Amino acid sequence: MILDLASQARQASNLMASLPTERKNQALEAIAKALAREESQIISANLADIKNAQADQISPVLIKRLKFDGVKLQSVIDGIRSLIQLPDPVGKVLDATELDSGLNLSKVSCPIGVLGIVFESRPDALVQISTLALKSANAVLLKGGSEAAGTNRVLADIINRAALEAGIPVGWMGLLESREEVSAMLALDEFIDLIIPRGSNAFVKYIMDNTRIPVLGHADGICHVYLDDPCDPEMAIRVAVDSKCQYPAVCNAMETLLIHRSVAVDLLPRLAEAFGANHVELRGDEVCQAMIDCNPATNEDWATEYNDLVLSIRVVDSLDEAIRHINTYGSGHTDAIVTRSEDHAGQFMSLVDSANVFWNCSTRFADGFRYGLGAEVGISTNKIHARGPVGLEGLVIYKWRLAGEGHIVADYASGKKSFIHRKTS
């Protein structure tokens, strides 16, 4: 079964590379309309999944991610329509050079090919990933968490039917439904070009350790906010609370708050009150414990992604100490500084080794849709190909095209001709 899906996806990907932009956008609009039309069916399937998850005593964090109500449905539909407005990432001339008279080289964007996406819990990820794959002309094999099987099945059926009716090649999208199929997919390097996992630390590491196929993603989301001296107290509280509490179950939520000692005396009690109002459990170092009522933090806390209303707090003596802490314990995902000092902000953004570094704003902005990338297939902490939120630009690669007039290398090797290497783009 999985071999057939992968083979069909490879064949479809070969056809998708030449799809005109208009047809892709028409398919995306058809998908948006079909999702809106089938709202009751989607929500009914999701409620059944939630009921089963609760009966199986799945964690509240996963159940929160599993929920796919009318608000989330409208959000993904809005995301599809935003995606339609974005330029086609395929077929762009990225660079052009005239090697010699009549011998022209161009670097042109093209699809990666076949993507294997494995994700946990969130049905909205299926919609985002499949539509991003379509716009970037990639075929895609999808495997969601078993707890969302009913919702994912309904969504995949709606999306696939709408796309096929709009002229997208058969086999462009396949849905996997068992762990055995995932294990089989990880071995299909002949058909699949890139694996993108979305889920827990252990889950992503398992994927990375069990395939020869390149993997794009991140294992941890240990994000920090550092409150500097000097900083605006009201801004500091607003940014810190949003970073932790706006949606704590996601990878770009703050897990550790760092605060300069000179501002901690005044700010920490106000922060404790604000976090308390949002039911956040606080774990602090010894200095923090002397200033506010909180549980002790350990070295394990600094390296923990809670994905919940739990926050570790450390008081530091300098910007340098804050940067060292982040580069030691962080996961290279998203880290922010709140400061009035442009110089301090510049140092922080240059020296913190993360995919996303922010100044005076919430870590929750690390998101493909918020970046204007047309949603995202995931966030990468890799240092090759794509980094940060991976949207359309992370789903294309490039090829070199060379057009000549009977040119041969022997003429250049003998010195009869020479290269001019003149940039034309």
Side-chain angles (χ1 to χ4, degrees), residues 1-35 37-38 76-77 79-81 83-92 108-119 125-144 152-177 181-182 184-185 188-196 213-214 216 374-375 377 390-399 401:
M1 175 62 176
I2 177 60
L3 191 60
D4 290 340
L5 286 176
S7 177
Q8 290 172 17
R10 171 57 73 199
Q11 293 175 44
S13 73
N14 293 336
L15 298 173
M16 292 178 74
S18 62
L19 286 176
T21 303
E22 183 180 4
R23 187 181 304 174
K24 291 188 288 186
N25 286 341
Q26 287 171 347
L28 289 170
E29 180 59 32
I31 290 169
K33 289 178 178 177
L35 289 171
R37 189 169 57 247
E38 302 295 341
V76 297
I77 291 171
I80 294 170
R81 296 221 159 101
L83 181 59
I84 291 170
Q85 300 305 314
L86 293 178
D88 193 330
V90 178
K92 289 184 177 179
V108 182
S109 63
C110 63
I112 291 172
V114 180
L115 311 176
I117 317 287
V118 191
F119 56 98
L126 185 147
V127 182
Q128 294 170 352
I129 293 164
S130 59
T131 53
L132 281 167
L134 195 160
K135 179 84 175 195
S136 57
N138 289 288
V140 62
L141 299 179
L142 297 153
K143 170 61 174 72
N152 288 339
R153 197 175 299 124
V154 168
L155 288 171
D157 182 60
I158 293 168
I159 291 168
N160 196 35
R161 280 191 289 109
L164 293 178
E165 289 171 5
I168 304 302
V170 172
W172 79 276
M173 181 175 77
L175 183 66
L176 283 58
E177 297 201 38
E181 286 180 315
V182 172
M185 180 179 73
L188 296 178
D189 51 316
E190 178 183 353
F191 296 104
I192 299 171
D193 299 292
L194 183 68
I195 298 287
I196 305 177
I213 303 168
L216 184 70
V377 295
V390 180
L392 285 175
E393 84 299 331
L395 295 182
V396 293
I397 191 65
Y398 55 82
K399 61 175 66 174
R401 295 180 177 178

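Since this is a predicted model, take the numbers as computed values, not measurements. We number each residue from 1, following the sequence as shown.
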* Asked: What residue pairs, at least two apart or across chains, pass salt bridge (Lys or Arg N to Asp or Glu O under 4.0 Å) with a residue in residues 160-175?
  -> Asp157-Arg161
* **Qualifying salt bridge (Lys or Arg N to Asp or Glu O under 4.0 Å) pairs, either residue in residues 14-23, two or more places apart** => none
Taking only residues two or more places apart in sequence, or in another chain, which ones meet [X] in a side chain to side chain contact (heavy atoms under 4.5 Å, CB included)?
X	result
Ser13	Arg10, Val114, Ala139
Ala6	Leu141, Leu188, Phe191
Ala163	Ile31, Leu134, Ile168, Trp172
Asn25	Thr21, Leu28, Ile84, Lys135

Hey, could you give me the [atom1]/[atom2] distance between [X] and [Y], rounded to the nearest 0.5 Å?
X	Y	atom1	atom2	answer
Leu19	Gln26	CG	CD	11.0 Å
Met173	Leu5	CE	CG	11.0 Å
Ile192	Ile213	CD1	CD1	4.5 Å
Ser130	Leu175	OG	CG	10.0 Å
Ile117	Leu176	CD1	CG	11.5 Å
Ile196	Leu142	CD1	CG	10.0 Å

Could you report the tightest heavy-atom contact between [X] and [Y], atom names first, then the distance?
X	Y	answer
Gly113	Asn138	N-OD1, 2.7 Å
Val170	Leu164	CA-CD2, 3.7 Å
Pro87	Leu392	O-CD1, 4.1 Å
Ala137	Val90	CB-CG2, 4.2 Å
Ala133	Met16	O-CE, 4.5 Å

Which residues pass the side-chain hydrogen bond (donor to acceptor under 3.5 Å, both in side chains) test with [X], not counting sequence neighbours?
X	result
Glu393	none
Asn152	none
Asp189	Arg212
Thr131	none

* Expected output: side-chain Ser109 to main-chain Gly91 donor-acceptor under 3.5 Å ->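 Present.
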* Between Glu38 (side chain) and Ala34 (backbone), is there a donor-acceptor pair under 3.5 Å? -> no
* **Set of salt bridge (charged side-chain N to carboxylate O under 4.0 Å, His left out) partners for Lys24, sequence neighbours left out** => Asp88
* Taking only residues two or more places apart in sequence or in another chain, which ones pass salt bridge (charged side-chain N to carboxylate O under 4.0 Å, His left out) with Arg81? -> Glu29
* To do: Check whether any side-chain heavy atom of Val377 lies under 4.5 Å from a side-chain heavy atom of Leu115, and answer yes or no.
  =>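 Heavy-atom side-chain distance check fails, nothing below 4.5 Å.
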